[in-house]
Amino acid sequence: MPFYTQLRAMGEMVPAPWGGHLATSYRLCHQVLRSRDWRVPDSGWRAAQVDAARWHAPASRQMGATMPMLNPPHHTRMRRPLGNVFDRTSLQHMQKSVGKNADRLLDNFFEELRGGTADFCAMVGDELPIITVGEWLGLPSADFPLLRTLTHDQVHTQELFPSPSQLAISDAATRSLREYFTGLIRERRKSAGDDPVSSWIRMWDEFEADQDAADEAVYALALFMVLAALETTSHLLTSLAWLLLEHPRQLDWLRVNPEHIPGAIDETLRYDAPIHMISRIAPEDTELAGVPVRKGEMVQLMVGAAHHDPEQYAAPEVFDIRRKAPHLSFGGGIHYCLGNALARMEADCVLSSLLRRLPGQGLRVAGTPTWAPRVAFRRLMELPVVRA
């Protein structure tokens with residue numbers, strides 16, 4: 001976090017050496033995210049960029065067609081028919097199975113601890129999100145490891161400065177994901193069920209006379225659901241375990257006061273958010289914090305820095321599950337995270353199951369956790385744990 005302190009000291013709007021600006025304060029990030037005017041870097045914007053290797057790569061073009069990268073009216077056309085995908089009724093149907101899966105994964109994790117060190121990320125954090133989304137979409141469990149790997153590889157294109165080799169990995173993963181989901185759509189057209197993909201096919205057939213166009217819309221939805229749900233939720237689950245194990249007094253207090261689990265989840269989302277940088281495009285020539293921003297220019301909202309802004313949070317470098325403060329981890333405005341309630345539910349199930357096993361089975365972090373070398377998308381890759 002010292003880097004973010006230095007960045008904020010440079011001002012609310014910092015010129016980026018590569019062009020555009022970095023917004024570092026909570027105030028500015030919140031303002032832009034809530035605005036209906038600021039745009040996302042959609043396919044049209046990407047096609048107009050001179051950095052062809054970065055923005056014209058197949059994986060980047062595909063991301064430009066997914067819901068988070070659509071601007072109105074295209075976003076409205078894609079989003080409105082979906083309604084609230086994870087409404088209270090849907091979550092109630094899913095909660096029992098998510099809870100059972102969390103218990104099973106933690107059973108395996110504690111069994112592994114009998115022999116020494118166990119990796120919480122590999123055994124729980126990486127596993128529960130793909131099981132949850134895979135079962136919801138009605139996918140074969142044998143496909144879960146492949147989808148998890150492809151998601152990890154694809155996310156490179158969403159970083160600030162992916163290398164040529166990372167873009168090649170991301171492009172290959174995107175091709176494999178397209179092949180997988182277009183095949184799935186063909187299967188669901190032949191044998192429809194009550195799963196979300198079958199439902200989206202029926203929905204888009206009503207809106208779109210061209211079946212190829214309808215299938216493309218369903219593909220974009222299925223791809224988005226997997227990409228959005230796995231990487232971010234995996235980091236949340238693992239980071240939640242890491243921070244609580246590093247703060248045993250707060251963990252003990254939470255065990256006695258489990259009604260504060262939602263607060264612990266929110267503080268984790270603030271302290272070490274799954275996404276530390278969000279891109280927005282100026283709709284017209286404008287100003288932010290007195291700094292001119294030209295139409296079409298990108299502003300990187302440094303959410304990770306904003307979450308440690310002392311103007312917004314008292315003692316921001318302190319992890320405090322009783323903080324009850326807002327955060328920007330789920331974005332804002334029309335692009336507010338569609339799966340935020342599902343991510344919270346998965347975290348609640350994991351933490352509730354973990355607390356039931358304590359303090360009889362005390363734990364501590366063994367060694368240094370490993371993070372992926374990223375800027376935008378955080379990923380806690382390894383969390384070695386042993387019995388205390």
S.K.: For Glu311, does the CD atom sit with more than 12 other heavy atoms under 6.0 Å from it, leaving out its own atoms?
M.R.: no

S.K.: Considering only distance and modelled atom types, tabulate donor-acceptor pairs under 3.5 Å from the side chains of residues 112-125, sequence neighbours left out.
M.R.:
unit_1 : atom_1 : unit_2 : atom_2 : d
Arg114 : NE     : Glu111 : OE1    : 3.1
Asp119 : OD1    : Cys121 : N      : 3.0
Asp119 : OD1    : Leu383 : N      : 2.9

S.K.: Looking at every non-hydrogen atom in both residues, tell me the closest pair between Leu70 and His75 and how far apart they are.
M.R.: O-CB, 3.3 Å

S.K.: Closest approach of Leu358 and Arg255, non-hydrogen atoms and distance?
M.R.: O-CD, 3.1 Å

S.K.: Can you confirm whether Pro258 sits close enough to Leu254 that some side-chain heavy atom of one is under 4.5 Å from a side-chain heavy atom of the other?
M.R.: no

S.K.: Tell me, yes or no, whether the heavy-atom count around Asn84 atom CG, taken from other residues, nucleotides or ligands under 6.0 Å, exceeds 12.
M.R.: yes

S.K.: Would you please test Arg280 and His335 for side-chain contact (heavy atoms from CB on, under 4.5 Å) and show each step?
M.R.: CA-CA 11 Å; Arg280 288 293 183 265; His335 292 287; 3.8 Å; yes

S.K.: Give a yes or no on whether Leu240 and Leu230 share a hydrophobic cluster (residues Ile, Leu, Val, Met, Phe, Trp, Tyr; joining criterion: side-chain heavy atoms under 4.5 Å apart).
M.R.: yes

S.K.: Under the side-chain hydrogen bond (donor to acceptor under 3.5 Å, both in side chains) criterion, do His74 and Asp42 qualify, and how do the steps go?
M.R.: CA-CA 10 Å; His74 304 296; Asp42 60 13; over 6 Å; no

S.K.: Atom CG in Leu301, atom OG1 in Thr24: separation rounded to 0.5 Å?
M.R.: 10.5 Å

S.K.: Look at the side-chain heavy atoms of Ile, Leu, Val, Met, Phe, Trp and Tyr, link any pair under 4.5 Å apart, and say whether Tyr219 and Met69 land in one connected group.
M.R.: no

S.K.: Would Phe144 and Phe109 show up in the same hydrophobic cluster when neighbours are defined by side-chain heavy atoms closer than 4.5 Å?
M.R.: yes

S.K.: Indicate yes or no: at least one non-hydrogen side-chain atom of Arg378 is less than 4.5 angstrom from one of Pro274.
M.R.: no

S.K.: What pair of heavy atoms forms the shortest contact from Leu237 to Ala347, and how long is it?
M.R.: CD2-CA, 3.4 Å

S.K.: Would you give the length of the straight line joining atom CD of Gln300 to atom CD1 of Ile278, rounded to the nearest 0.5 angstrom?
M.R.: 10.0 Å

S.K.: Verify side-chain hydrogen bond (donor to acceptor under 3.5 Å, both in side chains) between Ser329 and Arg270, making sure each step is shown before the conclusion.
M.R.: CA-CA 7 Å; Ser329 291; Arg270 180 200 72 86; over 6 Å; no

S.K.: Carefully, step by step, assess Glu231 and Arg148 under the rule salt bridge (charged side-chain N to carboxylate O under 4.0 Å, His left out).
M.R.: CA-CA 8 Å; Glu231 202 79 356; Arg148 186 177 58 240; over 6 Å; no

S.K.: Nearest 0.5 Å please: distance from the CG atom of Leu22 over to the CG atom of Leu28.
M.R.: 11.5 Å

S.K.: Verify salt bridge (charged side-chain N to carboxylate O under 4.0 Å, His left out) between Glu267 and Arg323, making sure each step is shown before the conclusion.
M.R.: CA-CA 7 Å; Glu267 176 65 351; Arg323 185 181 293 274; 3.1 Å; yes

S.K.: With the threshold set at 4.0 Å, does a side-chain nitrogen-carboxylate oxygen contact exist between Asp309 and Arg27?
M.R.: no

S.K.: Quick one: pull up CD in Gln154 and CG in Asp171 and give me the separation to the nearest 0.5 Å.
M.R.: 9.0 Å

S.K.: Determine the interplanar angle of the Trp253 and His260 rings, folded into 0 to 90°, and report it as parallel if under 30°, tilted if 30 to 60°, perpendicular if over 60°.
M.R.: tilted

S.K.: For Arg202, look at atom CZ and say whether over 12 heavy atoms of other residues, nucleotides or ligands are found less than 6.0 Å away.
M.R.: yes

S.K.: Show your working on side-chain contact (heavy atoms from CB on, under 4.5 Å) between Leu128 and Asn101 and close with a plain yes or no.
M.R.: CA-CA 7 Å; Leu128 186 61; Asn101 286 327; 3.8 Å; yes

S.K.: Evaluate the side-chain hydrogen bond (donor to acceptor under 3.5 Å, both in side chains) criterion for residues Asp87 and Ser90: first the C-alpha distance (whole Å), next the side-chain angles of each, then the deciding distance (0.1 Å), finally the verdict.
M.R.: CA-CA 5 Å; Asp87 59 18; Ser90 299; 2.8 Å; yes

S.K.: Hey, quick one: are Leu184 and Met203 part of the same hydrophobic cluster, counting side-chain heavy atoms closer than 4.5 Å, chains of contacts allowed?
M.R.: yes

S.K.: When you look at Ser353 and Arg357, which way does the side-chain hydrogen bond (donor to acceptor under 3.5 Å, both in side chains) test go after all the steps?
M.R.: CA-CA 7 Å; Ser353 183; Arg357 302 161 194 267; 3.2 Å; yes

S.K.: Out of Asp195, Asp215, Asp205, which residue meets the salt bridge (Lys or Arg N to Asp or Glu O under 4.0 Å) rule with Arg188?
M.R.: Asp195

S.K.: Under 30°, 30 to 60°, or over 60°: which ring-plane class applies to Tyr26 and His307, parallel, tilted or perpendicular?
M.R.: tilted

S.K.: Could you report the tightest heavy-atom contact between Tyr313 and Pro316, atom names first, then the distance?
M.R.: O-CD, 3.4 Å

S.K.: Decide if atom NE2 of His152 counts as having more than 12 heavy atoms of other residues, nucleotides or ligands within a radius under 6.0 Å.
M.R.: yes

S.K.: Do Leu355 and Ile261 come within less than 4.5 Å of each other through their side chains, counting heavy atoms only?
M.R.: yes

S.K.: Between Arg104 and Glu127, is there a side-chain N and carboxylate O pair less than 4.0 Å apart?
M.R.: no

S.K.: Please walk me through it: do Val350 and Glu346 pass side-chain contact (heavy atoms from CB on, under 4.5 Å)?
M.R.: CA-CA 6 Å; Val350 166; Glu346 291 181 63; 5.7 Å; no

S.K.: If you measure from the Lys or Arg side-chain nitrogens to the Asp or Glu carboxylate oxygens, is any gap between Arg379 and Asp126 under 4.0 Å?
M.R.: yes

S.K.: Kindly check if the number of other-residue, nucleotide or ligand heavy atoms within 6.0 Å of CD (Glu179) is above 12?
M.R.: no

S.K.: Could you walk me through whether Glu216 and Arg178 satisfy the salt bridge (charged side-chain N to carboxylate O under 4.0 Å, His left out) test, starting with their C-alpha distance in whole Å, then the side-chain angles of each, then the deciding distance to 0.1 Å, before giving a yes or no?
M.R.: CA-CA 10 Å; Glu216 185 67 21; Arg178 172 172 281 279; 2.8 Å; yes

S.K.: If I compare all heavy atoms of Cys29 with all of Ala23, which pair ends up nearest, and what's the gap?
M.R.: SG-O, 3.6 Å

S.K.: Determine, using the 4.5 Å side-chain heavy-atom cutoff (strictly less than), whether Phe207 and Val85 are members of one ILVMFWY cluster.
M.R.: yes

S.K.: Considering the options Trp242, Phe319, Tyr4, which one meets the ring pair (Phe, Tyr, Trp, His ring centres under 6.0 Å) requirement together with Tyr271?
M.R.: Phe319

S.K.: May I have the step-by-step check of side-chain contact (heavy atoms from CB on, under 4.5 Å) for His308 and Arg8, ending in yes or no?
M.R.: CA-CA 9 Å; His308 292 261; Arg8 285 193 309 273; 3.6 Å; yes

S.K.: Taking NZ, NE, NH1 and NH2 as the nitrogens, is one of them in Asp266 or Arg344 under 4.0 Å from a carboxylate oxygen of the other?
M.R.: yes

